[in-house]
Amino acid sequence: MTLPGVLLLDAAGPEAGLLATVAAGRGHQVHAATTAAAYVDYGPELKGLLAGHIVTDFARPDRALDEIAVYARRRGVGAVLTVNEYLTELAARLCAELGVPGNDPGRARAARDKAAMAEAFAAAGVRAPYTVLVRDEDGLRFALADPQVGFPCVVKPPSGAGSAGVTVVSGPADAAEAADVAHKAVGMYGSGGDPGILVQAYAAGTEYSVESLTQDGATTHLAVTRKQVTGGAKRVETGHSLPVFLPPAVEAAVYREVEAAIRAAGIRHGASHTEVILGADGRCVVIELGARLAAGQIGVLIQHALGIDVWAALLDVALARPAALAPTTCGYATVRFVTSPRAGRLTSVCGFPKTGPGVPFVRWRAAIGGLVHAPGANGHRLGSFVVTGPDADEAEERADALLRRIRIHVEPTPENGPGQVRPASTSAIAP
Ligand SMILES: Nc1ncnc2c1ncn2[C@@H]1O[C@H](COP(=O)(O)OP(=O)(O)O)[C@@H](O)[C@H]1O
Ligand SMILES: [Mg+2]
């Protein structure tokens, strides 16, 4: 019997690589839809896993949809998956077009465009921050004067990801610059430069995300993840840890909101990553939802802490097969993101961990001699590593100790030179 083909929308990155490995290992022909520029960077291992690929332009989704559908029909594709935030709407549309399990294409925009998300959440009664779509300076003034917004508030681009262009604004004086930054934020495939920006009430509390898989409309929550995020105007992720066990009543309330959000975004078959903030009073506010497996190595954390093979499960869900979602171990895993202490040229890195017992995953992605940013968005990460352990205390302590050992040397460049950075011979511990 010929197994259905599996198509990945964008196969770049470790998560997509793991999906391709599982699918190929089970005997499926694996295909990728990709851009010409991205395909150049696919490594030999990934290329070796692929039975074929189609080069398309994701910035023109209607055309991409037609081209990929023709390719997929010819190759007997029976499952379409993506781990790329920017392609979740296209994935839902393609699944509908091909008649394979997928999310509701009529609602998929709500998981990609935060203005549509705010509307969908409001219509479904999901508790989410009060949000105003602002189109010009007058609109910004009105929004900032709206008592339901107040200060601090959050200014963000509707179609961004990874904290790019998101600013927590503490007073009116900072709003214009934050709006400008949100306007100018660019994502992948022509995303960004949105005509409108969002001004949102600030939700105070502790950040978590809920990692879920929905099959035929029934949702299983795999884990609650604690997000470590910088404070201040730029909220950049510094790490994730799981599993977190909330008090049962709080967990039930969180899951209720998350499930309402999942339904509102039309998620019927597939993964979701829902970010929430829990206030001191235990009230849960949904900040955003992605119709995909969480990024930032959360899949690796789930695999190592809970023994759930998320990639196999994703594949099963996409093929409408029963997925094994029950934990088989009860450990703990945490990831640390390594960022540069300042903008400049990266001259050396010492002490970055290697894989070994209790450190199952490391990834360094910055080139020595290349330019690096002060952390302003998740894309500014230089590297990451995962630490596992029997419990939270041991794993967190070890991860912090490993982080403290990393020395990153960054020299100023003329663009961000002496006026803005400390002297050239600085060395620093990753924050
Ligand atoms: N309304 C809000 N209240 C408090 N913090 C927020 C709010 N919106 C965003 N943030 C902070 O900014 C980060 C990035 O914003 P988010 O809406 O998740 O955008 P992105 O899609 O870029 O991840 C969040 O993880 C959180 O730390
Ligand atoms: Mg987010």
Side-chain angles (χ1 to χ4, degrees), residues 83-89 109-118 120-122 126-134 143-144 146 148-170 174-175 178-179 181-188 191-192 194 197-211 224-241 257-258 261 265 272-280 283-296 298 337 339 375-381:
V83 292
N84 184 318
E85 167 76 28
Y86 292 94
L87 298 176
T88 57
E89 188 180 6
R109 187 135 205 87
R112 193 63 283 290
D113 172 338
K114 292 187 178 79
M117 192 183 298
F121 284 177
V126 177
R127 205 195 306 266
Y130 176 74
T131 303
V132 184
L133 177 62
V134 162
L144 295 174
D146 186 332
Q148 291 191 80
V149 173
F151 288 104
C153 65
V154 183
V155 173
K156 59 175 83 168
S159 61
S163 295
V166 179
T167 308
V168 176
V169 175
S170 50
D174 304 328
V181 167
H183 271 302
K184 288 184 179 149
V186 282
M188 293 177 88
S191 149
D194 300 291
I197 54 162
L198 301 175
V199 179
Q200 207 166 63
Y202 181 80
T206 310
E207 286 194 50
Y208 299 91
S209 60
V210 180
E211 324 313 332
V224 176
T225 306
R226 172 86 165 87
K227 279 166 69 96
Q228 294 176 17
V229 182
T230 54
K234 293 287 163 201
R235 301 291 163 102
V236 179
E237 292 168 354
T238 54
H240 302 299
S241 305
E257 293 302 324
V258 169
S272 55
H273 165 74
T274 311
E275 298 180 351
V276 303
I277 292 185
L278 269 183
R283 275 159 62 108
C284 165
V285 170
V286 178
I287 296 294
E288 67 153 339
L289 164 151
R292 57 172 173 83
L293 178 70
I298 286 177
F337 303 123
T339 52
N378 296 342
H380 296 161
R381 287 171 197 159

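Counting starts at 1 for both ligands and their atoms, in listed order.
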Would you confirm whether S170, through its side chain, and D174, through its main-chain N or O, come within 3.5 Å as a donor-acceptor pair?
no
If you measure every N/O of V166 against every N/O of ligand 1, is any gap under 3.5 Å?
no
Are the side chain of E257 and the backbone of C284 linked by a donor-acceptor contact shorter than 3.5 Å?
no
Under 4.0 Å from a heavy atom of S163: give me the atoms of ligand 1 that qualify, with their elements.
13 (C), 14 (C), 20 (P), 22 (O), 23 (O)
Tell me which one of K156, H273, E207, M117 gets a heavy atom nearest to atom 25 (O) of ligand 1.
E207
Where on A201 is there a heavy atom closer than 4.0 Å to ligand 1, on the side chain, on the backbone, on both, or on neither?
backbone
Are any side-chain N or O atoms of K114 and backbone N or O atoms of G160, one a donor and one an acceptor, separated by less than 3.5 Å?
yes
Identity and distance of the protein heavy atom lying nearest atom 21 (O) of ligand 1:
K114 NZ, 2.6 Å
Would you indicate which of R235, E288, R112 comes nearest to atom 12 (O) of ligand 1 when only heavy atoms are counted?
R235
Nitrogen or oxygen of P129 less than 3.5 angstrom from that of ligand 1:
no
Residue of the set T274, V258, T225, V276 for which side chain to side chain contact (heavy atoms under 4.5 Å, CB included) holds with Y208
V276
Keeping S163 on the side-chain end and V236 on the backbone end, is there a donor-acceptor pair under 3.5 Å?
no
Out of all atoms in ligand 1, which are within 4.0 Å of some heavy atom of V229? Include the element for each.
27 (O)
Worked verdict on V168 versus R235 for side-chain contact (heavy atoms from CB on, under 4.5 Å)
CA-CA 8 Å; V168 176; R235 301 291 163 102; 3.7 Å; yes
Just to confirm my numbers, could you give the angle made at the Mg ion (ligand 2) by OE1 of E275 and OE2 of E288, rounded to 10°?
90°
Any nitrogen or oxygen of E275, main chain or side chain, under 3.5 Å from a nitrogen or oxygen of ligand 1?
yes
Backbone of V166 reached by a side-chain donor or acceptor of K234 within 3.5 Å
yes
Atom pair CZ/NE2 of F337 and H380 - distance to nearest 0.5 Å
14.5 Å
Ion pair check, R226 and E207, cut-off under 4.0 Å
no
Mark up the atoms of ligand 1 that fall under 4.0 Å of a heavy atom belonging to Y202, in ascending order.
3 (N), 4 (C), 5 (N)
Logged contact type for I277 with ligand 1, heavy-atom cut-off 4.0 Å, is side chain
Suppose we measure from atom 10 (N) of ligand 1 to each protein heavy atom; which comes out shortest, and what is that distance?
V154 CG1, 4.4 Å
Under-4.0 Å heavy-atom contact with ligand 1, by part of A203 that carries it
both
For G160, the ligand 1 atoms with a heavy-atom partner under 4.0 Å come out as 21 (O)
Donor-acceptor pair, side chain of R112 and main chain of T88, under 3.5 angstrom:
no
